Amino acid sequence: MIRTRFAPSPTGYLHIGGARTALFSYAYAKKHNGRFILRIEDTDIERSTQESVDSIIHAMDWLGLHCDEGPFYQTKRMDRYIEVIGQLLKEDKAYHCYCSKEELDIMREEQKAKGLKPKYDRRCLHNPKVHDDVKPVVRFKNPESGSVIWNDLVKGRIEIGNAELDDLIIARSDGTPTYNFCVVVDDLDMQITHVIRGDDHINNTPRQINILSALGAAIPLYAHAPMILRDDGQKMSKRLDAVSVMQYKDMGVLPEALLNYLARLCWGHGDDEIFDIKQFLEWFDLDNISVSPARFDMKKLYWVNAEHIKRTDSGALLGPIKEILNHKQIAYDDKLDLVAIIELLKPRVDNLNTMADEIAYFYNPLSPNSEDIAKHLTNEALALLTSFANDIESLRDWTLDNIKQLVKNFCVNYGIKMPQLGMPLRLKLCGTTQTPSFDAIIFLLGKQVTLNRLRA
Ligand code: GLU
């Protein structure tokens, strides 16, 4: 069975690179009826917080990337790591190292002076200097010759000579296991078949493979997805860019749109740009993940978002829209058909915040600016609106078609073009001229509200 994992370090919120990795891991497991595991890599006690764990899980829920197993916390698995360290020591696959920092510094300086690549020279393996007053670290005995080769499912064949690799410290002098080691034991115990992660982890892979081999474990397949950069090719920065997934929610982006955008950013299925998660699961495969870094383009994301807004059932947008209306303290109630208003606004907006702003004038007209008033609410226009209000009042069957017909007749009768009525009408009804077609607005506002606003 395919088993994938997403293994965030809870030192901050879920960022978009992480969300992309989670999406690919989730998708690969789901596509193959496998299991998607969430593992919290919280061994960095200083920087890990429960708040970060909660916010990561919250963001994954919002995206709909639900795990099948977990969350598992590394801090709760310490006994197991220590057990495996003991096993490696016993099997002579790891050794104690008593070297002090100063000693190691001198060793490195000497190596550098000889033009060698700094690397632990194994002096404690060959000639252990046991100090009773020094607590040793544990080093993994990396193979000295040969190379580590893996067929990366994204990057292709990768070969790293063992001579390049140091004898990694797997336990600190206080006995606590180190990062790469915990990852290995977890991937082993959690029977991970596919490690899908960002390519910033490529350097860890040969070390992890060597430890897995020493443990007699099956080596998972690795897929290293590219980094997501800013559109100018620079690294994204927390200060300058929206890097947290939940910031996109605040920007009125739908979770389906963000997933679609992130998927498309680092992976392709021909020219297909817009798809939902179901379609993505059908199409997705690791070998279509792009090798080179992706560039995040906010405009494109908004375009994808607009397409998703159009395709989403208006009833399904009601919940998220009400949340934004409440948050923005925009008044609304059930007197108007909010779902129908959403339906009308859907083709006009590329994010839900703008939609909420447009919904506002259905409930309370905005205050028009003086330029618009001077331009559109002339005495002549006001006289037209008075007559128009009278026609509206006498309309019997309140249907959109009847309103459209009434508008047409009115323009013919008064010998005017549609915008001559439309602009003042919009301004009176909504307080802005930037609205959808005014017959639809009149229909949705209903007769009484329309008359009240026209006669106000
Ligand atoms: N904890 C690592 C991170 O947040 C991921 C490790 C892995 O996927 O192997 O970058």
Side-chain angles (χ1 to χ4, degrees), residues 2-29 34-57 59-60 63 65 67 69-78 81 148 150 152-155 158 160 168 170 176-212 215 217-229 235-236 238 243-245 262 266 286 289 293:
I2 303 281
R3 292 173 63 84
T4 65
R5 76 329 187 254
F6 176 52
S9 305
T11 54
Y13 39 69
L14 181 65
H15 55 83
I16 47 163
R20 183 282 317 267
T21 301
L23 169 65
F24 286 178
S25 301
Y26 168 89
Y28 197 71
R35 311 276 288 170
F36 172 57
I37 291 141
L38 175 60
R39 177 166 90 217
I40 305 294
E41 302 205 322
D42 56 350
T43 48
D44 184 344
I45 314 267
E46 308 254 288
R47 295 174 60 226
S48 300
T49 64
Q50 187 57 42
E51 202 190 335
S52 298
V53 174
D54 294 342
S55 79
I56 290 169
I57 292 175
M60 287 178 72
L63 290 171
L65 302 177
C67 63
E69 291 173 32
F72 298 110
Y73 292 82
Q74 288 189 324
T75 43
K76 297 202 176 126
R77 290 177 38 80
M78 286 296 154
Y81 307 134
V148 187
W150 80 95
D152 197 278
L153 297 174
V154 176
K155 310 264 173 190
I158 298 183
I160 310 282
L168 192 77
I170 57 175
T176 55
T178 55
Y179 168 73
N180 268 302
F181 186 72
C182 299
V183 171
V184 164
V185 178
D186 288 345
D187 285 341
L188 166 63
D189 287 354
M190 294 169 194
Q191 297 169 24
I192 301 303
T193 59
H194 292 69
V195 172
I196 301 166
R197 58 187 174 196
D199 63 11
D200 50 335
H201 286 282
I202 265 191
N203 284 340
N204 292 328
T205 307
R207 303 168 213 282
Q208 294 178 358
I209 289 178
N210 278 339
I211 303 175
L212 281 165
L215 291 170
I219 310 299
L221 296 171
Y222 291 88
H224 288 97
M227 290 290 98
I228 299 178
L229 303 177
K235 262 185 115 175
M236 283 204 158
K238 284 185 190 175
V243 283
S244 152
V245 163
L262 288 176
C266 311
L286 297 170
I289 295 177

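Note that the coordinates shown come from a computational prediction; the quantities given were computed from them, not determined experimentally. Order of listing sets the numbers, starting from 1, for every ligand and every atom in it.
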Side chain to side chain contact (heavy atoms under 4.5 Å, CB included) evaluation trace for N204 with Y179:
CA-CA 10 Å; N204 292 328; Y179 168 73; 3.8 Å; yes
>> Hydrogens and angles aside, do H224 and R197 bring a side-chain donor and acceptor to less than 3.5 Å of each other?
In response: yes
Polar-atom distance check: R5 versus ligand 1, any N or O pair below 3.5 Å?
yes
Check your understanding: Under 3.5 Å, N or O to N or O, is A7 touching ligand 1 that way?
Key -> yes
Side chain to side chain contact (heavy atoms under 4.5 Å, CB included) with F6: of L14, L65, I37, only one passes, and it is L14
Atom 10 (O) of ligand 1: closest protein heavy atom, distance to 0.1 Å, is H201 NE2, 2.9 Å
The closest protein heavy-atom partner of atom 6 (C) of ligand 1 is Y179 OH, 2.8 Å
Under 4.0 Å from a heavy atom of [X]: which atoms of ligand 1 are those, numbered in the order shown and with their elements?
{"X": "E41", "result": "1 (N), 2 (C), 5 (C), 6 (C)"}
{"X": "R197", "result": "7 (C), 8 (O), 9 (O)"}
{"X": "S9", "result": "1 (N), 2 (C), 3 (C), 4 (O)"}

Contact region, Y222 to ligand 1, non-hydrogen atoms below 4.0 Å, reads neither
Within the 4.0 Å heavy-atom cut-off, what P8 brings close to ligand 1 is backbone
So CZ of R20 and CG of L63: to nearest 0.5 Å the spacing works out to 13.5 Å
So OG1 of T193 and CD of Q191: to nearest 0.5 Å the spacing works out to 9.5 Å
Self-check item: Mutual orientation of the aromatic rings belonging to F36 and Y26 [parallel < 30°, tilted 30-60°, perpendicular > 60°]
Solution: perpendicular
inquiry  = One thing to verify: whether D189 and R77 come together as a salt bridge, which I'm taking to mean a side-chain N less than 4.0 angstrom from a carboxylate O.
reply    = yes
